[in-house]
Protein chains: 2
Amino acid sequence: MYVTISHGNAQPFAPSKLAARKTPLKTLKKGAYLYFEGDDVTHLFIIETGVVRLTRVLEDGRRQVIAFGYPGDIIGFPAQDTHHTDCDALCDTKLCSIPRKVLEDSSADPDLHSVLIQAALQEISAMQDHFMMLGRKSAPEKVASFLTVLLERIGDTSVEPQVLALPMSRSDIADFLGLTTETVCRCLTALRKAEIIRIDGISKVAVLDQSALAQRADGQLN
Amino acid sequence: MYVTISHGNAQPFAPSKLAARKTPLKTLKKGAYLYFEGDDVTHLFIIETGVVRLTRVLEDGRRQVIAFGYPGDIIGFPAQDTHHTDCDALCDTKLCSIPRKVLEDSSADPDLHSVLIQAALQEISAMQDHFMMLGRKSAPEKVASFLTVLLERIGDTSVEPQVLALPMSRSDIADFLGLTTETVCRCLTALRKAEIIRIDGISKVAVLDQSALAQRADGQLN
DNA sequence: CGCTCTATTGAACCGCATCAACGAACGTGG
DNA sequence: CCACGTTCGTTGATGCGGTTCAATAGAGCG
């Protein structure tokens with residue numbers, strides 16, 4: 001599942017199930033591209049480790065980050081045979097590649113086919129949540145939502161306070177939320193000053209008060 | 001395909017193919033609901049005639065129109081067994097219902113199964129386009145984009161100028177684009193004053209200059 | 001015909017973008 | 001290893017686009 005403002009009861013797809021099939025494992029260095037907008041879709045990919053970024057740009061340079069892909073996420077669903085986003089790695093990343101025909105021809109590998117369909121449906125649902133965030137939430141709500149979703153998705157519940165790694169830059173977050181880097185910074189600073197988060201260097205955030213964060217994500221205060 | 005800012009080479013799915021199967025035809029009066037958020041998903045639906053509206057609301061009443069469904073569109077894709085939007089009819093509407101299991105069990109009806117998967121993939125692609133619009137376009141660009149997409153989707157190319165029916169209210173358009181009704185009005189008025197459109201009553205717009213409209217949709221001039 | 005709801009237009013405000021300056025982190029070459 | 005340059009992050013000041021509030025006009029319906 002992609003990083004969006006979903007309500008959390010989704011599970012990543014067991015990598016083991018795929019590892020057992022010995023699907024080819026692909027490695028992507030930080031900054032390397034997996035595909036570009038317009039490329040033919042030959043494979044789908046399941047992320048094993050690392051984080052990727054899916055982006056789309058307008059001619060005038062405006063950019064939208066469509067999604068961040070985390071381990072367990074399936075990326076590269078085709079429409080009309082070509083990729084409609086660019087995809088690159090935010091850190092070193094390993095992926096399993098799955099021939100596209102598995103998605104479209106259920107007889108090739110019925111179990112995997114069914115997993116892919118479930119992933120696509122999850123994706124639609126998650127994107128619907130993201131619409132609400134992009135269209136109807138304020139900047140502070142967006143940033144709080146982003147951290148909340150990330151926490152649900154990759155938070156480590158065994159430690160307190162929970163620490164989030166942010167492999168993406170501030171401008172990636174901004175382009176994901178429809179904001180500017182300055183606004184993202186200011187919203188993070190506000191959360192820090194309210195002692196809801198602690199900022200441990202550029203790419204690490206500790207969540208000190210998860211329920212306060214969740215409240216701000218839904219606009220229940222400020 | 002849903003009404004989003006896609007780049008137009010998608011085709012609706014031939015209703016004939018389904019009519020031939022004599023799938024049950026359901027009728028929905030204007031204003032009637034097809035399902036609510038939280039309902040169990042038992043069927044998917046293909047729209048034969050009419051227009052439906054998919055919406056989601058926050059507790060505080062903020063609303064996002066996720067999509068408008070036009071003839072040929074397939075709606076009701078499940079994630080985790082329940083609907084995540086409300087769906088109601090903007091005018092009298094007829095739909096074919098398809099048992100959900102056709103989507104998930106390819107053996108029941110392989111051809112239809114494959115049609116549904118293609119529809120879901122289209123949907124993902126169209127939603128990605130919509131992200132760019134919600135996150136990165138100005139109000140005038142959003143309104144121009146909306147009209148442009150509607151024109152590609154349902155425009156009647158046999159008449160000149162092309163006339164668009166708008167069965168949805170201004171606030172539906174606003175909630176689809178992440179704006180207010182006032183802003184939608186002002187943007188429409190601006191297009192009218194620029195003689196790009198003509199407003200023929202509340203629910204009809206004639207597009208006088210399609211290329212000027214397309215340019216504004218991409219921000220190439222005011 | 002009158003009531004209600006939606007659309008339109010105007011005026012004022014505000015949230016976020018923009019512009020600008022500074023600081024921190026990082027990589028490179030000496 | 002340090003000096004330097006470059007990129008990224010943070011903070012402040014200002015402006016503007018779109019919201020909010022308010023009033024009027026128009027459409028739909030009993």
Side-chain angles (χ1 to χ4, degrees), chain A residues 29-31 53 58 60-65 90-91 133-146 165-194 197-205 216 219 221-222, chain B residues 29-31 53 60-65 90-92 133-147 165-193 197-205 216 219 221-222:
Chain A
K29 287 273 174 205
K30 175 176 178 171
R53 174 179 69 179
L58 291 179
D60 60 13
R62 280 179 288 181
R63 195 176 70 128
Q64 178 73 39
V65 171
L90 293 174
C91 50
M133 183 162 72
L134 280 174
R136 285 292 172 228
K137 292 208 172 186
S138 70
E141 287 168 2
K142 285 177 178 179
V143 172
S145 297
F146 176 69
L166 299 178
M168 68 292 287
S169 70
R170 296 291 187 267
S171 72
D172 287 333
I173 299 174
D175 286 340
F176 182 65
L177 299 176
L179 300 171
T180 60
T181 59
E182 293 94 328
T183 300
V184 170
C185 269
R186 279 185 249 272
C187 291
L188 287 173
T189 301
L191 289 172
R192 177 174 59 73
K193 286 186 176 167
I197 63 172
R198 193 182 61 224
I199 299 179
D200 295 350
I202 283 178
S203 56
K204 212 174 274 183
V205 167
R216 302 211 173 200
L221 54 144
N222 287 359
Chain B
K29 287 273 173 206
K30 174 175 177 174
R53 173 179 69 177
D60 61 13
R62 281 178 289 181
R63 195 176 71 126
Q64 178 72 40
V65 171
L90 293 173
C91 49
D92 291 357
M133 183 162 72
L134 279 174
R136 286 291 173 228
K137 292 208 172 187
S138 71
E141 287 168 2
K142 285 178 177 179
V143 173
S145 297
F146 176 69
L147 293 177
L166 298 179
M168 68 292 286
S169 70
R170 298 290 188 267
S171 72
D172 287 333
I173 299 174
D175 286 340
F176 183 64
L177 299 176
L179 299 171
T180 60
T181 60
E182 293 95 328
T183 301
V184 171
C185 269
R186 280 185 249 271
C187 291
L188 287 173
T189 301
L191 289 172
R192 177 174 58 74
K193 287 187 175 166
I197 63 173
R198 191 182 63 225
I199 299 180
D200 295 350
I202 282 179
S203 56
K204 212 174 275 183
V205 167
R216 300 209 177 204
L221 55 144
N222 289 359

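Side-chain atoms are counted along with the backbone in the values below, which use heavy atoms only and exclude waters and symmetry mates. In what follows, chains are A, B, ... by sequence order, proteins preceding strands, each numbered from 1.
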- Round to a whole Å and report the spacing from CE of A/Met168 to C1' of D/dC8. 16 Å

- Backbone N/O of A/Gly178 and side chain of A/Gln64: donor-acceptor pair under 3.5 Å: no

- Query: Rounding to a whole Å, what distance do you find between B/Leu188:CG and C/dT9:C1'?
  - Reply: 13 Å

- Rounded to whole Å, the CG-C1' distance (A/Asp200 to D/dG9) equals 16 Å

- Please state how far atom NZ in B/Lys204 lies from atom C1' in D/dA27, giving the value in whole angstrom units. 15 Å

- Is the side chain of B/Arg62 donor-acceptor paired with the backbone N or O of A/Lys137 at a distance under 3.5 Å, no angle test? no

- Query: Considering only side-chain heavy atoms of B/Cys185, which listed nucleotide, C/dC16, D/dT11, C/dT8, is closest?
  - Reply: C/dT8

- Message: Is it the case that D/dG12 (base atoms only) and A/Arg186 (side chain only) share a donor and an acceptor within less than 3.5 Å, ignoring hydrogens and angles?
- Response: yes

- Using whole Å, report how far CZ of B/Arg62 lies from P of D/dT19. 13 Å

- Query: Under 4.0 angstrom, heavy atoms only, what part of the nucleic acid is A/Thr180 near: base, sugar-phosphate, or nothing?
  - Reply: base

- Distance check: side-chain N/O of A/Arg192 vs OP1/OP2 of D/dT11, anything under 4.0 Å? yes

- Task: Ignoring backbone atoms, establish whether B/Thr189 has a side-chain N or O less than 4.0 Å from OP1 or OP2 of C/dT9.
- Result: yes

- So, is A/Thr183 near the phosphate of C/dA17, with a side-chain N or O under 4.0 Å from OP1 or OP2? yes

- Query: Looking at A/Arg170, does any N or O in its side chain come under 4.0 Å of the phosphate oxygens OP1/OP2 on D/dT10?
  - Reply: yes

- Message: Tell me the interatomic distance from B/Ile202, atom CD1, to C/dT9, atom P, rounded to whole angstroms.
- Response: 12 Å

- Side-chain atoms of B/Glu182 come closest, of C/dA7, C/dG10, C/dA20, to C/dG10

- Message: Rounding to an integer number of Å, can you tell me how far B/Leu166 CG sits from C/dT6 P?
- Response: 16 Å

- Side chain of B/Leu179 (C-beta onward), nearest among C/dC16, D/dT19, D/dT10: D/dT19

- Between atom CG of B/Leu191 and atom CG of B/Leu147, what is the distance when rounded to the nearest 0.5 Å? 6.5 Å

- If you measure from the Lys or Arg side-chain nitrogens to the Asp or Glu carboxylate oxygens, is any gap between A/Arg136 and B/Asp60 under 4.0 Å? no

- Task: Give a yes or no on whether the backbone of B/Ile202 and the side-chain of B/Arg170 come within a donor-acceptor separation of less than 3.5 Å.
- Result: yes

- Task: Mind calculating the distance between CZ (B/Arg136) and C1' (C/dA17) to the nearest angstrom?
- Result: 10 Å

